[in-house]
Undergrad: 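Before I ask anything, let me first share the structure, which is written out below as structure tokens.
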Amino acid sequence: MKTNPAPAFTVIIPHRNTPSLLARCLASIPRRDDVEILVADDCSEPAFADGVSRVVAACPNARLIALKEHRGGGYARNVALRQAKGEWLVFADADDYFTPAMAEVMERYAQDEEGADLVVMNAIFVDEDGITAPTPLTRHIIRYLRRRSRLSLDVLLYGTWTPWSRMVRREIVLKNDVRFDETLVGNDAMFVLQASSFARKAEVERKVCYHYYQPHEGSQTRAFYNPETFLSRLELRLRINRFYRSAGYPFLWPVRRMMRVAPPSIARPCRPALEAIPPFAADRVPRAFLPTGR
């Protein structure tokens, strides 16, 4: 009895309530027989459920993982991780989409059995009118490709926290039990940092492979929300700084700056928590090296 070979790539997409944007994302994934697509639906509201099912059913090699509870993108990704079979893990958000260059990247690494454990892929912002703009990731990639120094590579690996800018060999995720946080905000940062630290070799792609959708109204991931989510972000930044210290990364996140830019309604309830934190030298980090995360 013949068995189907394991796919070379598993594309993991968390989703909730945006089937039309999900359809665009799925259509942008290169059509290959060795690609597995897992859409982890984070308990979409009933009005969107049928649309999600139709969109996924219409996409070859795509499978819907319908979650019964709304628990956030980190949980959705973790469920998909446990079911993934691909040699490489590729991540996308449902409202974003790949460029044609992604097909070239997949072709290059499909047979890369002894090479990289991680591939950093370039991405740009795009709005609803199709107007694009560079991301901080692009600046880090250009700097690394010019200098090829260890520091410029560390800034690229540890200064950006977005899973959609990484293609990760599944072996290192399984071997080191790397998982997404299941938190209110920033659930992808520690996954990216840990996966980057375990990679024995990283490759960098200059071509733009991914469009990060950022409509004119702005991304809610950049909002402060409320004191609870602000404190969640604060705790994440502290965890990231602890990781940076353990990894020997020299640029800490300027935690105290968060309070200076937060609206007063957010800053006042959180001030006691922030004042309990010792000063960080990271307040002097050069602006060009500030990390960026979704």
Side-chain angles (χ1 to χ4, degrees), residues 8-13 28-30 35 77 81 84 86-93 96-126 132-173 176 178 180 186 188-213 240 243-244 247-251 253 288-294:
F9 306 94
T10 296
V11 182
I12 293 176
I13 308 171
S28 71
I29 298 173
V35 172
R77 288 189 180 106
L81 273 179
E87 177 73 15
W88 288 97
L89 299 173
V90 181
F91 300 95
D93 286 346
D96 300 337
Y97 54 99
F98 296 98
T99 73
M102 190 63 194
E104 301 175 31
V105 171
M106 285 185 166
E107 182 64 27
R108 187 176 308 122
Y109 292 99
Q111 305 300 326
D112 185 35
E113 297 179 358
E114 302 297 333
D117 287 328
L118 182 143
V119 180
V120 181
M121 300 178 295
N122 203 353
I124 58 175
F125 295 122
V126 62
T132 60
T135 64
L137 175 66
T138 301
R139 184 172 68 248
H140 294 324
I141 287 176
I142 292 173
R143 181 183 291 114
Y144 167 72
L145 293 176
R146 285 175 178 169
R147 299 178 181 177
R148 298 283 180 173
S149 68
R150 182 68 226 187
L151 178 59
S152 61
L153 179 60
D154 283 349
V155 169
L156 180 56
L157 294 179
Y158 298 140
T160 55
W161 312 332
T162 47
W164 41 257
S165 66
R166 304 289 197 275
M167 189 165 70
V168 184
R169 200 175 287 276
R170 187 166 64 97
E171 177 188 3
I172 68 170
V173 171
N176 298 286
V178 183
F180 288 88
D188 47 10
M190 294 308 300
F191 175 92
V192 172
L193 293 175
Q194 290 171 2
S196 298
S197 71
F198 290 124
R200 293 162 296 184
K201 179 182 178 183
E203 295 288 350
V204 179
E205 294 292 330
R206 182 164 191 157
K207 288 185 177 180
V208 174
C209 301
Y210 193 86
H211 280 154
Y212 176 111
Y213 182 57
I240 289 171
F243 174 88
Y244 283 168
Y249 183 67
F251 304 114
W253 179 265
F289 289 113
L290 289 179
T292 175
R294 184 160 190 168

Undergrad: Under a 4.5 Å cut-off applied to non-hydrogen side-chain atoms, are R77 and D188 in contact?
TA: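 Result yes, sub-4.5 Å side-chain heavy-atom pair found.
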Undergrad: Work out which heavy atom in T135 is nearest to a heavy atom in A123; give both atom names and the distance.
TA: OG1-O, 2.8 Å
Undergrad: Just do the side-chain contact (heavy atoms from CB on, under 4.5 Å) check on V173 and L89 with the steps written out, would you?
TA: CA-CA 9 Å; V173 171; L89 299 173; 3.8 Å; yes
Undergrad: Quick one: pull up CG in L137 and CG in L156 and give me the separation to the nearest 0.5 Å.
TA: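 Going from the CG atom of L137 to the CG atom of L156 covers 6.5 Å.
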Undergrad: So, do M190 and F243 sit near enough that their side-chain heavy atoms are less than 4.5 Å apart?
TA: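 The answer is yes; the side chains approach within 4.5 Å.
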Undergrad: Given 3.5 Å as the limit, does a donor-acceptor pair link the side chain of T10 with the main chain of V35, or not?
TA: no
Undergrad: For T138 and R206, run side-chain contact (heavy atoms from CB on, under 4.5 Å): C-alpha distance rounded to whole Å, both residues' side-chain angles, the deciding distance at 0.1 Å, then the answer.
TA: CA-CA 8 Å; T138 301; R206 182 164 191 157; over 6 Å; no
Undergrad: Is any side-chain heavy atom of E203 closer than 4.5 Å to a side-chain heavy atom of V120?
TA: no
Undergrad: Would you say the rings of Y210 and W164 are close, in the sense that their centroids are separated by under 6.0 Å?
TA: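 Close enough - the centres of the two rings lie under 6.0 Å apart.
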Undergrad: Step through it carefully: locate the ring centre of F251, locate the ring centre of Y158, and say whether they are under 6.0 Å apart.
TA: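 Not under 6.0 Å, so no.
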Undergrad: Would you name the heavy atoms of V178 and I172 that are closest together and state the gap between them?
TA: CG2-O, 4.2 Å
Undergrad: Would a 4.5 Å heavy-atom cut-off, applied to side chains only, mark V11 and M106 as touching?
TA: yes
Undergrad: Return the minimal non-hydrogen interatomic distance between M121 and I141, and the atom names on each side.
TA: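 Nearest heavy atoms, M121 then I141: C-CD1, 4.1 Å.
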Undergrad: Write down the atom of I124, the atom of A133, and the distance for their closest heavy-atom approach.
TA: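 Heavy-atom minimum between the residues: CB-O, 3.4 Å.
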Undergrad: Please assess F98 against I29 for the test side-chain contact (heavy atoms from CB on, under 4.5 Å), listing each intermediate value before the final yes or no.
TA: CA-CA 6 Å; F98 296 98; I29 298 173; 3.9 Å; yes
Undergrad: Is the closest side-chain heavy-atom distance between V119 and Y109 below 4.5 Å?
TA: yes
Undergrad: Check D117 with R169, please: is the shortest side-chain N to carboxylate O separation under 4.0 Å?
TA: yes
Undergrad: If we ignore hydrogens and angles and just use 3.5 Å, is the side chain of T99 paired with the main-chain N or O of V208 as donor and acceptor?
TA: yes
Undergrad: Anything under 3.5 Å between a donor and an acceptor, one on a side chain of residues 191-198, the other on a protein residue two or more places apart or in another chain? List them.
TA:
{"unit_1": "S196", "atom_1": "OG", "unit_2": "R166", "atom_2": "NE", "d": "3.4"}
{"unit_1": "S196", "atom_1": "OG", "unit_2": "V192", "atom_2": "O", "d": "2.8"}
{"unit_1": "S197", "atom_1": "OG", "unit_2": "Q194", "atom_2": "O", "d": "2.7"}

Undergrad: Taking the side chain as every heavy atom from C-beta outward, state whether Y249 and V155 have any pair of such atoms under 4.5 Å apart.
TA: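 With C-beta onward as the side chain, the pair touches.
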Undergrad: Any non-hydrogen side-chain atom of F180 less than 4.5 Å from a side-chain atom of L81?
TA: yes
Undergrad: Between N122 and C209, is there a donor-acceptor pair closer than 3.5 Å when you use the side chain of the first and the backbone of the second?
TA: no
Undergrad: Applying side chain to side chain contact (heavy atoms under 4.5 Å, CB included), name anything that partners E104, two or more places apart in sequence or on another chain.
TA: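 With neighbours one apart ignored, the set is R108, K207.
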Undergrad: Measure across H211 and D96 and return the closest heavy-atom pair with its distance rounded to 0.1 Å.
TA: O-CB, 3.1 Å
Undergrad: Checking side-chain contact (heavy atoms from CB on, under 4.5 Å) for the pair M167/L118: CA distance, chi angles, key distance, verdict?
TA: CA-CA 6 Å; M167 189 165 70; L118 182 143; over 6 Å; no
Undergrad: Quick one: closest heavy-atom pair of S152 and R147, and the distance?
TA: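 Result for this residue pair: OG-CB, 4.1 Å.
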Undergrad: Going by the rule side-chain hydrogen bond (donor to acceptor under 3.5 Å, both in side chains), which residues pair with R150 if we only count those two or more places apart in sequence or in a different chain?
TA: D154
